Amino acid sequence: MQNKSIYNLLILVGIVVFFAACDKDFNEIGSNVIGNDHFGLIKDDSKTVLAYNAAIGQVETSNLPVNSLGYYNNPFFGKTKASVVSQVLLDTVNQTIGTNPTVTKVELSLPYFSRLLSKDATSGDSTYELDSIQGFSIVSDKKVFNKIKLSVYENNYTLRDLDASVNFLDVQRYYSGETAIFDSYKNPVRLNDDSNLNQNDEFIYSAAEIKTYKTVDGAQVVDTRSAPGMRLKLRNNFFQDKLFGAGAAGKLFNNSVFKDYFRGLYFKVDASSASPNQGSMSLLNFKQGKIIVTYNITVTSSTGVVSTKERKFAISLGGNSVNLLENENSSGYNSGIASNSNATTGAYNLFPKGGEGSMSIIKLFGDLDVRGYSSAGTPTVGPNGIPDELDDLRNPSDGKKLLVNEANLTFFIDKDKMTGAAEPNRIYLYDLNNHRPIIDYFLDFSVAPNSKNNKFVHGGIIEKEAATSAYNKRGIKYKVRLTNHIMNLISKDSTNVRLGLVVTESIGVASNAKLLNSISGANPFNKYPSAAVYNPLGTVLFGNNIPATDSNYAKRLKLEIYYTKPN
């Protein structure tokens, strides 16, 4: 019994040590879970890998779990403006308003993604760091975000639930390139028209704790504290008329009626004159947004005394939403895509970029198919639909089947092209033929303290060089393990599907969004991973087609297979 207790204790200690080891910076080089020694294994990195690019065009951006909002000028890829349209919903339907309602204040709040760094024991003030925001300068080793122009308008375009063009048998889809439609339907009166320019023309994402105050014994003291978020003052007279005017009669009865009456808000972004060349872009969960309308009503007591009473009216940013993206691609990005999209030779560079961007398509073992093998393992003449390199692995000349121990695709970053650019934390490799993850994704149950680093054995997480500041670290490479995928190709005759490579914001999201126009080619497709849609970043990687005389030849894309053979 005592031995069993000691055994259980050792297991517990092992688990604690394992997760403590995991609780490190996954971006550091050399943080691989599986070592790189591979003693006693045979390494084969001679097999053909063809990788090339495809621009995806407009992509479905309706009802994403998070949305991009801002303006970001990527040093390599170019400029992107991201705006959002969101429906609004009543928190309380058919609410009793009261007599002579008069709006005194309207505030919109929307939390940022942030983490608590410290809390001052004396003042009670908290220090936060914002997450998922690009476009900043480093001042005293702290991020200072660039300004953008933010305008909030009433949206008058109906965001339908179902698609009328197919007799309401499918959901209505909205796409990234539909800015002109919403521009033409917006109410031109800007709702965030406060004289404080930080509310509009010089809006800035701030990591400051949000505090409200109250007066106690003649002195102002902190009343409430909140994590960082957007706080916008909206026009009182607009909400006075919209909620309490003559046209509002019967419109607050339920949300079906209300959504048709008040069709939502349009958060439109442009470059700020205070920061015309580089703004900032954040990921936000708009469904956490709230509008609080404060208003007074007239109250008459039983004795006839007339007074005012303050009330609140709450509206949420719920229902349907659309992320609108406007790209001004750089000449380098456009020419890079055009010259690196050959499916036969592959590419020198790969350009996976999120949003309305691009992806890479990968074919393992090449296209050469001039022979096959009989059921007895005898070579046959003529193509059989399987690349010859894969056929040879399935049918080794000595008759000894390969036992695959590990297989990787390593993507080195073109650091020259990515100079000064923010780098995506992770790339995602998936089965492009069937638009689903490969088997290694499903078999990886590894969990990290930061959920963005889950499935770290399967990998795809950026590995960075050492640097004095966390903000100065540059990416070196991404490694994706596809051991089980290769095992199945060799030993179980699985189909050698094309693989897609994209940036991802969340490895836990494996759903797909529709493309407005299918990607043409021998095997056209019209889907794209959803988590790539709401990642605004991109990276430049080395592909397979690098001449042997090129200085970057050693960084070319290779498939590395480590295997053993039975005696």
Side-chain angles (χ1 to χ4, degrees), residues 88 90-92 95-130 133 139-140 142-145 147 150 152 190-245 265 274 282 284 288-317:
V88 291
L90 297 169
D91 279 18
T92 303
Q95 181 173 331
T96 300
I97 302 302
T99 306
N100 299 325
T102 303
V103 174
T104 59
K105 179 182 177 182
V106 182
E107 184 178 69
L108 183 147
S109 62
L110 180 60
Y112 301 148
F113 291 108
S114 64
R115 65 187 184 96
L116 178 65
L117 297 179
S118 63
K119 184 172 183 177
D120 189 285
T122 303
S123 67
D125 292 342
S126 296
T127 301
Y128 292 88
E129 181 179 57
L130 300 188
I133 300 184
V139 179
S140 300
K142 293 183 179 180
K143 295 179 181 178
V144 177
F145 295 99
K147 296 177 179 179
L150 175 62
V152 181
R190 186 158 73 169
L191 300 182
N192 59 324
D193 61 348
D194 193 82
S195 59
N196 180 358
L197 295 184
N198 287 342
Q199 291 271 308
N200 38 63
D201 289 350
E202 297 181 13
F203 178 84
I204 187 168
Y205 291 107
S206 172
E209 179 182 43
I210 297 174
K211 296 184 284 189
T212 63
Y213 297 86
K214 63 182 178 180
T215 302
V216 177
D217 297 329
Q220 281 212 324
V221 297
V222 175
D223 184 23
T224 64
R225 299 176 184 271
S226 303
M230 180 185 295
R231 291 291 188 275
L232 297 179
K233 297 177 182 178
L234 303 183
R235 290 174 64 98
N236 291 353
N237 59 1
F238 170 82
F239 285 89
Q240 177 74 44
D241 181 66
K242 200 70 181 178
L243 300 178
F244 308 134
L265 296 178
S282 177
L284 299 166
Q288 294 180 346
K290 185 84 69 175
I291 302 169
I292 300 297
V293 180
T294 304
Y295 67 99
N296 290 334
I297 61 170
T298 301
V299 178
T300 304
S301 70
S302 58
T303 59
V305 177
V306 178
S307 61
T308 61
K309 184 177 181 180
E310 185 177 273
R311 285 190 173 178
K312 306 284 187 181
F313 193 103
I315 301 172
S316 295
L317 300 182

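Because only heavy atoms are used, hydrogens play no part in the values below, and waters and symmetry mates are left out as well, while side chains stay in. Keep in mind that this is a model prediction, so the values were computed, not measured.
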Residues which pass ring pair (Phe, Tyr, Trp, His ring centres under 6.0 Å) with [X], listed by chain and number, not counting sequence neighbours:
| X | result |
| --- | --- |
| Phe313 | none |
| Tyr205 | Tyr112, Phe203 |
| Phe145 | Phe136 |
| Tyr128 | none |

With a 4.5 Å heavy-atom cut-off, do [X] and [Y] have their side chains touching?
| X | Y | answer |
| --- | --- | --- |
| Met230 | Leu150 | yes |
| Leu265 | Ile291 | yes |
| Thr298 | Thr102 | no |

[X] and [Y]: which non-hydrogen atoms are nearest, and at how many Å?
| X | Y | result |
| --- | --- | --- |
| Ala314 | Ile292 | CB-CD1, 3.8 Å |
| Ser126 | Glu209 | N-OE1, 3.2 Å |
| Pro111 | Leu284 | O-CD2, 3.8 Å |
| Ile133 | Ser282 | CG1-OG, 3.3 Å |

Who pairs with [X] by side-chain hydrogen bond (donor to acceptor under 3.5 Å, both in side chains), at least two apart in sequence or on another chain?
| X | answer |
| --- | --- |
| Asp120 | Ser123 |
| Ser302 | none |
| Gln288 | none |
| Asn192 | none |

Closer than 4.0 angstrom, basic N to acidic O: yes or no for Asp201 and Arg190?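 Yes, this pair counts.
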Out of curiosity, [X] [atom1] to [Y] [atom2], how far, rounded to the nearest 0.5 Å?
| X | Y | atom1 | atom2 | answer |
| --- | --- | --- | --- | --- |
| Arg311 | Thr294 | CZ | OG1 | 13.0 Å |
| Ser206 | Arg231 | OG | CZ | 11.0 Å |
| Leu130 | Arg115 | CG | CZ | 10.5 Å |
| Lys233 | Leu108 | NZ | CG | 13.5 Å |
| Leu232 | Asp193 | CG | CG | 11.0 Å |
| Lys312 | Gln95 | NZ | CD | 12.5 Å |

Under a 3.5 Å distance rule, please check whether [X] uses its side chain to pair with a backbone N or O of [Y] as donor and acceptor.
| X | Y | value |
| --- | --- | --- |
| Glu202 | Leu197 | no |
| Asn200 | Asp194 | yes |
| Thr212 | Thr224 | yes |
| Gln240 | Pro101 | yes |

How far apart are the C-alpha atoms of Val299 and Val306, what are their side-chain angles, what is the distance that settles it, and do they pass the side-chain contact (heavy atoms from CB on, under 4.5 Å) test? CA-CA 6 Å; Val299 178; Val306 178; over 6 Å; no
[X]: which residues meet the side-chain contact (heavy atoms from CB on, under 4.5 Å) condition with it, sequence neighbours left out?
| X | result |
| --- | --- |
| Val144 | Val139 |
| Thr127 | Leu117, Ser118 |
| Ser301 | Thr303, Val305 |

Under 6.0 Å from the NZ atom of Lys242, do we count more than 12 heavy atoms belonging to anything else shown?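 Enclosed.
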Does atom NZ of Lys105 have more than 12 heavy-atom neighbours from other groups under 6.0 Å away?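 Count not over threshold, so no.
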Can you run down the ring pair (Phe, Tyr, Trp, His ring centres under 6.0 Å) pairs that involve residues 213-240, sequence neighbours left out, and say none if there aren't any?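 Non-adjacent pairs meeting ring pair (Phe, Tyr, Trp, His ring centres under 6.0 Å): Phe238-Phe262.
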Of Val106, Asp91, Leu243, the residue whose pairing with Ile315 passes side-chain contact (heavy atoms from CB on, under 4.5 Å):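 Option passing the side-chain contact (heavy atoms from CB on, under 4.5 Å) with Ile315: Leu243.
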